[in-house]
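A quick write-up on the structure given underneath.
Here the structure is a predicted model, which means the values were calculated and not measured. Numbers here are sequence positions counted from 1.
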Amino acid sequence: MELKKLSRQTAPYKERPVRVLQFGEGNFLRAFVDWQIDIANEKGVLDTNVAIISPRFDANSAIKRLKTQDGLYHVILEGIENGKPKRETRYISSIADVVAPADEYDRYLNYILSPELRFVVSNTTEAGIRYEADDVMADMPISFPGKVTNMLWKRWKHYNGDASKGLIFLCCELIENNATTLREYVLRHASEADLPMEFQKWVEDSCIFVDTLVDRIVPGFPADTIDEVKAGLGYDDNCVVKGELYHLWAIGGRGWETVKEEFPLDRAGLHALFMPSIKAFRDKKVRILNGSHTGMVPVALQLGCETVMDAFNTPAVNRFVNTMVEREVLPMIDEDPAELKAFADGILERFYNPYIKHYLKSIALNSLSKWEARNFPTVKDNWTRKGELADFELFTFAALLSLYGPGSGFTPDDDAAHLAKINEAWDENDFAATVNKILASGIFIEDFEASVPGFGARVAEYLGQIRRDGMQVALDKFMDNHK
């Protein structure tokens, strides 16, 4: 059967106002945010399409693929519901445009100055929302907060400070206080660039930055079964995304009532929750689900596992992760222990979805910033509240350094400057010096050793065992010592 090319000439598409600007073209946003907007449009609670902006402004391969398909693609969701297998396929037509500002700056400018624009969605990974010196008056600042500052400055000038032209920011990065932090960095950039106080006040009063928590496991492009998938769709879809059935979007913080009114995903039957604060939700989800993923990956990869299912079918990894969650993660979350245990069991059960082939190497993307955002808070809490080193979490950090270190056989997909610092610090004959140099290199925002005395020495001990004896022996020894 000859497959049809996926485009607006071969598939239905409805023009709608572009009220959402989305920084990020990745699998997650397309299987989560754009999927929800598509459903909300169909249900009649929204009437908006999305313009995707390349976060680094470049025309990367994913941007180019989306452009060739006019932003159209399919989402395939699979899992177990009420004890029975379930599969859903949805054609997504909520993306109006895909823009790489480095090559088409005028189109980007038209969107950021559009009177219809109201929402900005982002997922620039944990490494995206961080402060660095930047020229926010240039057309193309380097950092994401710098780009947002520049965008808002241009919009403020264009509309002469009109309060009704402020924007609502929905950040999907898995860091604590994601949008609140972005707002803080935007105001810092504005202050350091000596932008008028009237502009800074407009950012504070007319723009809304709501923190959000996102939850859906999205393995992404089903490369191993793509021919079968395409045949089932009838389209040559090279942007198809696979995910689990479950989804949750918690939205909270200052201005949450306005967002609930203007972005009412819940009225479309979607699992969107609006609340004054998402801290409780975030602590539970990020520390349990994402922290487990991030901690497990470097351990499992060095045992030869390829997918999450492989990892959890490996008894040593299964026992390690479940014990880590039970002993170190859950006691640091302030909630009824029985309810928390049930929540954790439900999350860990999702790892066993037989229909989701979630590759560990994909989860490993940007693991350095992910570990700091998802796992270190548990380490810090165990120290400040109990005076104890969170050994399981520290072992995962040692495993991460081993995976990223020279000679591991693994090629990390992470910040090139950070990887260079790890290689430069590496000394196979002195792991204490290696760890200390890495911790002092500026890779991490927080000073781990200052916050948790003894952090470096314990990590160096585990790193040495992993490198000398191999992961299997080191893990077995660790578990024997932590019965």
Side-chain angles (χ1 to χ4, degrees), residues 125-127 174-175 286-287 289-306 308 311 314 316-317 320-321 324-325 328-329 359-380 389-428 431-449 451-452 455-472 474-475 478:
T125 79
E126 286 85 344
L174 286 173
I175 64 169
V286 172
R287 293 192 185 197
L289 174 62
N290 303 101
S292 295
H293 266 154
T294 299
M296 172 191 67
V297 164
V299 176
L301 279 172
Q302 290 173 92
L303 289 173
C305 301
E306 292 187 359
V308 171
T314 302
V317 177
F320 175 86
V321 173
M324 178 177 73
V325 170
E328 297 180 352
V329 180
Y359 284 97
L360 300 176
K361 64 182 180 182
S362 299
I363 303 173
L365 171 71
N366 293 326
S367 279
L368 294 169
S369 58
K370 284 178 178 176
W371 194 93
E372 180 171 15
R374 302 173 177 184
N375 300 71
F376 184 69
T378 293
V379 176
K380 190 173 182 178
L389 291 175
D391 270 345
F392 284 80
E393 295 282 15
L394 296 189
F395 187 90
T396 70
F397 186 70
L400 176 58
L401 295 186
S402 175
L403 184 71
Y404 271 40
S408 73
F410 179 76
T411 303
D413 189 355
D414 214 313
D415 186 290
H418 294 167
L419 298 177
K421 289 177 179 178
I422 290 175
N423 280 313
E424 184 180 336
W426 204 268
D427 182 350
E428 200 75 21
F431 289 112
T434 296
V435 171
N436 287 337
K437 287 178 183 176
I438 291 172
L439 295 183
S441 67
I443 291 174
F444 304 102
I445 296 172
E446 186 147 6
D447 186 334
F448 294 166
E449 182 65 31
S451 298
V452 183
F455 180 99
R458 189 66 59 87
V459 169
E461 176 188 340
Y462 294 145
L463 177 59
Q465 292 171 6
I466 293 168
R467 280 295 180 138
R468 284 191 298 269
D469 304 331
M471 180 56 75
Q472 186 66 66
L475 182 59
F478 178 90

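Looking at residues two or more places apart in sequence or on another chain, you find no ring pair (Phe, Tyr, Trp, His ring centres under 6.0 Å) involving H418. With sequence neighbours left out, I422 forms a side chain to side chain contact (heavy atoms under 4.5 Å, CB included) with L368, Y404, W426, I438, I443. Residues passing the salt bridge (Lys or Arg N to Asp or Glu O under 4.0 Å) test with E306: none are found, sequence neighbours excluded. Partners of N290 by side chain to side chain contact (heavy atoms under 4.5 Å, CB included), not counting sequence neighbours, listed by chain and number: L174, K285, V286, R374. In this structure, F410 has no ring pair (Phe, Tyr, Trp, His ring centres under 6.0 Å) partners at least two apart in sequence or on a different chain. Partners of D447 by side chain to side chain contact (heavy atoms under 4.5 Å, CB included), not counting sequence neighbours, listed by chain and number: E449, A450. Q302 is linked by a side-chain hydrogen bond (donor to acceptor under 3.5 Å, both in side chains) to S402, counting only residues two or more places apart in sequence or in another chain. Residues passing the ring pair (Phe, Tyr, Trp, His ring centres under 6.0 Å) test with Y359, sequence neighbours excluded: none. Scanning for side chain to side chain contact (heavy atoms under 4.5 Å, CB included) contacts around K437 gives A425, with sequence neighbours left out. Residues forming a salt bridge (Lys or Arg N to Asp or Glu O under 4.0 Å) with D414 (at least two apart in sequence, or on another chain): none. By the ring pair (Phe, Tyr, Trp, His ring centres under 6.0 Å) test, F320 is found to be paired with F392, F395, F478, residues two or more places apart in sequence or in another chain being considered.
Judged as a salt bridge (Lys or Arg N to Asp or Glu O under 4.0 Å), not a single pair has a partner in residues 393-412 (not counting sequence neighbours).
Within a 6.0 Å sphere centred on NZ of K380, heavy atoms belonging to other residues, nucleotides or ligands number 12 at most.
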